[in-house]
Participant: 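Before we start, here is the structure in question, set down as structure tokens.
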Amino acid sequence: MSDIIDEVLSSVKNSAVFKNREYLLPDYVPDELPHRENEIKKLASILVQLYRGERPSNTFVYGLTGTGKTAVAKYVLNSLQKKLNNFRYVYVNSRQSDTPYRILADIIEILGNKVPFTGLSTAELYRRLVKELEKSETVMIIVLDEIDALVKKHGDDILYKLTRINYEIHKSKVSIIGITNDIKFIDGLDPRVRSSLGEEELVFPPYNAEELEDILRRRSSLAFKEGVISDSVIKLCAAIAARDHGDARRALDLLRVSGEIAERYKKKIVTEEEVERARVEIERDRVYEVIATLPFHSKLILLSIVQSSIQDRRLTTGEIYTRYRELTSIMSSESVTQRRASDIINELDMMGIVSARVVNRGRYGKTKEVVLAVDRNIVMKALIESDERFADIRSG
DNA sequence: CATCCACAGGAAGATCTGGTAG
DNA sequence: CTACCAGATCTTCCTGTGGATG
């Protein structure tokens, strides 16, 4: 038994491919951020107010995913922290902590106080945060990453409260850095929030293919052994990611998974073939994961879509709902209303599992046309494996 | 050219879970 | 114990709508 474990362990230790895989993981923050020098400079010059103990302007940071927004923010704050000791900062990812309650709880916890996981009112948490800030006399920088996700779900109320917090505290000062992928989202904000949060703005352009190549080269020389990665593989990964709005994270993932695949098949070098496989595998894993964690009725709606799709025919909400009702009656389960089903279809669309678009068919009404956007076999696999209630339902 | 299909999707609130405070 | 809270999910009720068709 332990032979097997030893074998697996030694295969990782004596990897033929990787020198140090960590450098390719998404949460690794490199010592230098190539091609983001301008952004670093701009952000630093905003935050440099801290040097005089003043509150820096609230700042909006825009840029598509994988353009280095988070990395730059963390990098600048960490570097400043080392040089100046007169401020504190909190980083909150508002996709993970996607409720007002969690945001406040996270901030308070990082400040060093425990709060219950649930049960209090947000007003109470806000009060506690104020109290916590009044304990000491510092400048507090709050970084809210991916705030668009939060605002979409819960509105801009918390943002308003956070921007107003300076009027309630006297000893400390708070400054907010809001990071967003979605530029349009600013327009939907309450004008008061927009003006106070957007005192400064910083835009991150996507990386172009050359810049991506450079980044990949630097990282792969740290992560891979000599000669494993050829220049053409780098170029391919960069090209794929550049096509997808210059997402560096995507490019790095691609490179890492390609390496993992090469390793799994006991190859000594990574070729274009592994990159292609990696691309497929990354997408498949993402889809599987998303489906497996869906709520029960969302899964049922999805199953209805799979079962009623014949080739690439587009389905209407009504057709899907009819099949869904059949399924719930077979399973003797409750069913949700069509109103809810319509929202669920929209959710599946946003996750990229189906593609839905609203069409007007004149006399034949307004509806959504829905097609499955992923391989049905993966859908079935994910459904069957994630919930035993689907175990005996086969496609057809 | 008005009609009317087959829904879209907004608003408000109900129900339930899993919690706190005193 | 009571009173209360947030958040997820869902319902009920609703108004809105582009264009094929009679």
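Hydrogens, waters and symmetry mates are skipped; everything else that's a heavy atom, side chains included, is used. Numbers restart at 1 for each chain; the letters A, B, ... are given by sequence-line order, proteins then strands.
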Participant: Nearest-Å distance, NE2 (A:His297) to C1' (B:dT15)?
Facilitator: 14 Å
Participant: Is there any protein nitrogen or oxygen under 3.5 Å from a nitrogen or oxygen in nucleotides 15-18 of chain C, and what are the pairs?
Facilitator:
residue: C:dG18; atom: O4'; partner: A:Asn360; partner atom: OD1; Å: 3.2
residue: C:dG18; atom: O4'; partner: A:Asn360; partner atom: ND2; Å: 2.7
residue: C:dG18; atom: N2; partner: A:Gly362; partner atom: O; Å: 2.6
residue: C:dG18; atom: N3; partner: A:Asn360; partner atom: OD1; Å: 3.3

Participant: Would you say a side-chain N or O of A:Ser121 is under 4.0 Å from OP1 or OP2 of C:dC4?
Facilitator: no
Participant: OP1 or OP2 of B:dC7 sitting under 4.0 Å from any side-chain N/O of A:Thr316?
Facilitator: yes
Participant: Considering only side-chain heavy atoms of A:Thr99, which listed nucleotide, C:dG7, C:dC10, B:dG19, is closest?
Facilitator: C:dG7
Participant: Measure CZ/A:Arg339 against P/C:dC10 and give the value in whole Å, please.
Facilitator: 13 Å
Participant: Measure from the side chain of A:Lys153, starting at C-beta and using heavy atoms only, and say which of C:dA6, C:dA8, B:dA8 lies closest.
Facilitator: C:dA8
Participant: Over how many whole Å does the gap from A:Leu120 atom CG to B:dG22 atom C1' extend?
Facilitator: 13 Å
Participant: Ring-plane angle category for A:Tyr28 and A:Tyr23, please: parallel below 30°, perpendicular beyond 60°, tilted otherwise.
Facilitator: perpendicular
Participant: Under 4.0 Å: is that the gap between some side-chain N or O of A:Ser342 and OP1 or OP2 of B:dG9?
Facilitator: no
Participant: Taking atom C1' of C:dC10 as reference, at what distance in whole Å does atom CG of A:Asp343 sit?
Facilitator: 10 Å
Participant: Nearest whole angstrom, please: distance from the P of B:dT17 to the CZ of A:Phe296.
Facilitator: 17 Å
Participant: Output yes when A:Arg21 and A:Glu263 qualify as a salt bridge under the 4.0 Å nitrogen-oxygen rule, no when they do not.
Facilitator: no
Participant: Does the pair A:Gln338 and A:Thr317 meet the rule for a side-chain hydrogen bond (donor to acceptor under 3.5 Å, both in side chains), with working shown?
Facilitator: CA-CA 8 Å; A:Gln338 182 158 328; A:Thr317 309; 5.9 Å; no
Participant: Take the protein atom CG of A:Leu315 and the nucleotide atom C1' of B:dC7, then report the distance between them rounded to whole Å.
Facilitator: 15 Å
Participant: If you define the side chain from C-beta out and look only at heavy atoms, does anything of A:Leu202 sit under 4.5 Å from A:Ile177?
Facilitator: no
Participant: Counting any heavy atom closer than 4.0 Å, what does A:Glu124 reach on the DNA or RNA strands: base, sugar-phosphate only, or nothing?
Facilitator: nothing
Participant: Distance check needed: C:dG7 P versus A:Ile103 CD1, whole Å only.
Facilitator: 10 Å
Participant: Going by heavy atoms in the side chains, are A:Arg286 and A:Glu283 under 4.5 Å from each other?
Facilitator: yes
Participant: For DNA chain C, whose closest nucleotide is more 5', that of A:Gly119 or that of A:Asp98?
Facilitator: A:Gly119
Participant: Using five base pairs at each end, measure the axis-to-axis angle across the helix from B:dC1-C:dG22 to B:dG22-C:dC1 and round it to 10 degrees.
Facilitator: 20°
Participant: When you look at CD of A:Glu210, are more than 12 heavy atoms from neighbouring residues, nucleotides or ligands closer to it than 6.0 Å?
Facilitator: no
Participant: Do other residues, nucleotides or ligands put more than 12 heavy atoms under 6.0 Å from A:Arg249 CZ?
Facilitator: no
Participant: Would you please confirm or rule out a distance under 4.0 Å between OP1 or OP2 of B:dA8 and any side-chain N or O of A:Arg340?
Facilitator: no
Participant: Looking at every strand, decide which applies to A:Asn346 at a 4.0 Å heavy-atom threshold: base, sugar-phosphate, or nothing.
Facilitator: sugar-phosphate
Participant: Between B:dA21, C:dT11, B:dA6, which nucleotide gets closest to the side-chain atoms of A:Thr367?
Facilitator: B:dA6
Participant: Given B:dC7, is OP1 or OP2 found less than 4.0 Å from the side-chain N or O atoms of A:Lys368?
Facilitator: no
Participant: Might you work through the ring pair (Phe, Tyr, Trp, His ring centres under 6.0 Å) test for A:Phe204 and A:Tyr62, ending with a clear yes or no?
Facilitator: CA-CA 6 Å; A:Phe204 279 55; A:Tyr62 324 112; 9.8 Å; no
Participant: Write down the distance between CZ (A:Arg357) and P (B:dG9), rounded to a whole number of angstrom.
Facilitator: 14 Å
Participant: By the 4.0 Å heavy-atom rule, please label A:Ser335 as base, sugar-phosphate, or nothing.
Facilitator: sugar-phosphate
Participant: A:Tyr126 versus A:Ile158: any side-chain heavy-atom pair under 4.5 Å?
Facilitator: no
Participant: Side-chain N or O of A:Thr337 versus OP1/OP2 of C:dC10: is the shortest distance under 4.0 Å?
Facilitator: no
Participant: A:Lys299 and A:Ser386: side-chain hydrogen bond (donor to acceptor under 3.5 Å, both in side chains), yes or no, with the steps?
Facilitator: CA-CA 10 Å; A:Lys299 286 180 179 174; A:Ser386 65; 3.0 Å; yes
Participant: More than 12 heavy atoms of other residues, nucleotides or ligands under 6.0 Å from CZ of A:Phe296: is that the case?
Facilitator: yes
